[in-house]
Amino acid sequence: MTSRTSPTNRPITIRRAVARDAKRLTRLVRGSGAYEGKYAAAVAGYRVGPDYIEAHRAFVAVGAGEHADRVLGFYSLVLAPPELDLLFVADEAQGRGIGRLLVAHMQSEARAAGLDRVKVVSHRPAEDFYRRAGAVRTGTALANPPAVPWDRPEFEFHIPSE
């Protein structure tokens with residue numbers, strides 16, 4: 001478990017996701033404001049199940065104290081091939097540095113797993129976030145209708161060894 005302070009000086013704990021988090025993570029994905037309008041279909045039936053959590057390195061950011069059970073965001077790191085599969089921050093928690101904390105935690109996990117880079121296929125509205133977080137644009141993932149009817153930017157995080 002990692003405990004850090006967000007830029008608003010509110011303690012945030014990042015812990016390994018567990019099966020009982022599955023419904024909350026699914027709600028976070030489906031309720032994301034970044035997936036409204038034309039993007040809504042991409043997450044409408046999406047499910048983060050206990051099996052997914054068990055199979056991947058999934059971590060959640062939770063508040064401390066009275067908000068210790070509130071999921072503020074999460075990510076999932078796939079090791080082979082190395083990819084940041086999911087990264088979501090609750091709409092009401094955005095702009096508080098939680099996404100950056102999750103990225104830093106992911107990079108630490110990737111380093112510990114011996115990875116030197118991690119791919120990200122981004123959602124268009126998240127493109128600026130990944131650039132600010134240090135990812136480098138490497139290409140474009142072409143549309144795959146009907147599930148994803150638009151092209152998506154591809155990024156890569158370089159993971160320096162310590």
Side-chain angles (χ1 to χ4, degrees), residues 1-79 82-113 115 118-136 148 152-159:
M1 202 177 326
T2 302
S3 187
R4 297 185 181 173
T5 302
S6 72
T8 58
N9 294 325
R10 293 189 183 139
I12 304 294
T13 298
I14 299 176
R15 64 164 173 79
R16 188 78 184 242
V18 294
R20 71 177 179 273
D21 293 320
K23 287 183 182 177
R24 288 186 287 182
L25 301 185
T26 296
R27 280 194 302 270
L28 201 144
V29 170
R30 290 182 184 177
S32 173
Y35 283 89
E36 293 177 337
K38 70 178 184 176
Y39 299 118
V43 296
Y46 200 89
R47 179 178 169 270
V48 179
D51 52 337
Y52 179 90
I53 291 170
E54 187 175 313
H56 303 295
R57 291 186 184 211
F59 291 85
V60 296
V62 295
E66 67 209 48
H67 303 290
D69 200 37
R70 184 164 171 245
V71 173
L72 302 172
F74 79 101
Y75 78 88
S76 174
L77 175 64
V78 176
L79 297 181
E83 182 172 359
L84 177 60
D85 187 40
L86 299 171
L87 173 64
F88 282 85
V89 174
D91 289 351
E92 66 277 4
Q94 291 182 12
R96 298 186 349 202
I98 295 166
R100 285 188 178 272
L101 289 174
L102 289 168
V103 165
H105 190 275
M106 177 277 299
Q107 290 173 314
S108 178
E109 285 292 312
R111 186 177 303 106
L115 304 176
V118 175
K119 174 183 171 180
V120 180
V121 178
S122 177
H123 176 53
R124 281 186 188 165
E127 187 170 358
D128 287 340
F129 165 78
Y130 286 114
R131 279 196 174 104
R132 288 189 313 269
V136 176
V148 184
R152 295 158 293 153
E154 287 185 343
F155 289 91
E156 196 171 77
F157 283 102
H158 297 274
I159 310 298

Taking Glu127 as the fixed residue, which of Arg124, Arg131, His123 is the one that meets the side-chain hydrogen bond (donor to acceptor under 3.5 Å, both in side chains) rule?
Arg131
Nearest heavy-atom pair of Leu79 and Ala113: which atoms, and what distance?
CD2-CB, 3.9 Å
Between Arg15 and Asp21, is there a side-chain N and carboxylate O pair less than 4.0 Å apart?
yes
Side chain of Ser32, backbone of Ala34: donor and acceptor closer than 3.5 Å?
yes
Check step by step if side-chain contact (heavy atoms from CB on, under 4.5 Å) holds for His105 and Tyr75.
CA-CA 9 Å; His105 190 275; Tyr75 78 88; 2.6 Å; yes
Has Glu154 got a side-chain atom pairing as donor or acceptor with Val120's backbone, closer than 3.5 angstrom?
no
Rounded to the nearest 0.5 Å, what separation is found between the CZ atom of Arg20 and the CZ atom of Arg24?
7.0 Å
Atom CD1 of Ile98 and atom CD1 of Ile12: how far apart are they, to the nearest 0.5 Å?
4.5 Å
Considering all heavy atoms of both residues, which atom of Val118 and which atom of Leu84 are nearest to each other, and what is their separation?
CG1-N, 3.3 Å
Report the distance from atom CD of Glu92 to atom CG of Leu72, rounding to the nearest 0.5 Å.
8.0 Å
Which atom of Gly73 lies closest to which atom of Leu102, heavy atoms considered
C-CD1, 3.9 Å
Looking only at non-hydrogen atoms, find the nearest pair between Ala135 and Phe155 and report the distance.
CB-CB, 3.7 Å
What's the spacing between Lys119 NZ and Phe157 CZ if we round to 0.5 Å?
14.0 Å
Going by the angle between their ring planes, with limits at 30° and 60°, are Phe74 and Phe88 parallel, tilted or perpendicular?
parallel
Tell me whether Arg132 contacts the main-chain N or O of Arg100 through its side chain, where contact means a donor paired with an acceptor under 3.5 Å.
no
dist Leu86:CG -> Leu28:CG (nearest 0.5 Å) comes out at 10.5 Å
Taking every heavy atom of Ile53 against every heavy atom of Ala17, the minimum-distance pair comes out as CG2-O, 3.5 Å
So how far is it from Glu83 CD to Leu77 CG, rounded to the nearest 0.5 Å?
9.5 Å
If you compare all heavy atoms of Gly33 against all heavy atoms of Asp91, which two are closest, and at what distance to 0.1 Å?
N-OD2, 2.8 Å
After noting the C-alpha distance and the side-chain angles of Leu25 and Val60, does the key distance pass the side-chain contact (heavy atoms from CB on, under 4.5 Å) rule?
CA-CA 9 Å; Leu25 301 185; Val60 296; 3.7 Å; yes
Do the side chains of Tyr39 and Pro125 get nearer than 4.5 Å, heavy atoms only?
yes
With sequence neighbours excluded, give me every side-chain hydrogen bond (donor to acceptor under 3.5 Å, both in side chains) pair touching residues 44-65.
Tyr52-Ser76, Tyr52-Asp85, Arg57-Glu109
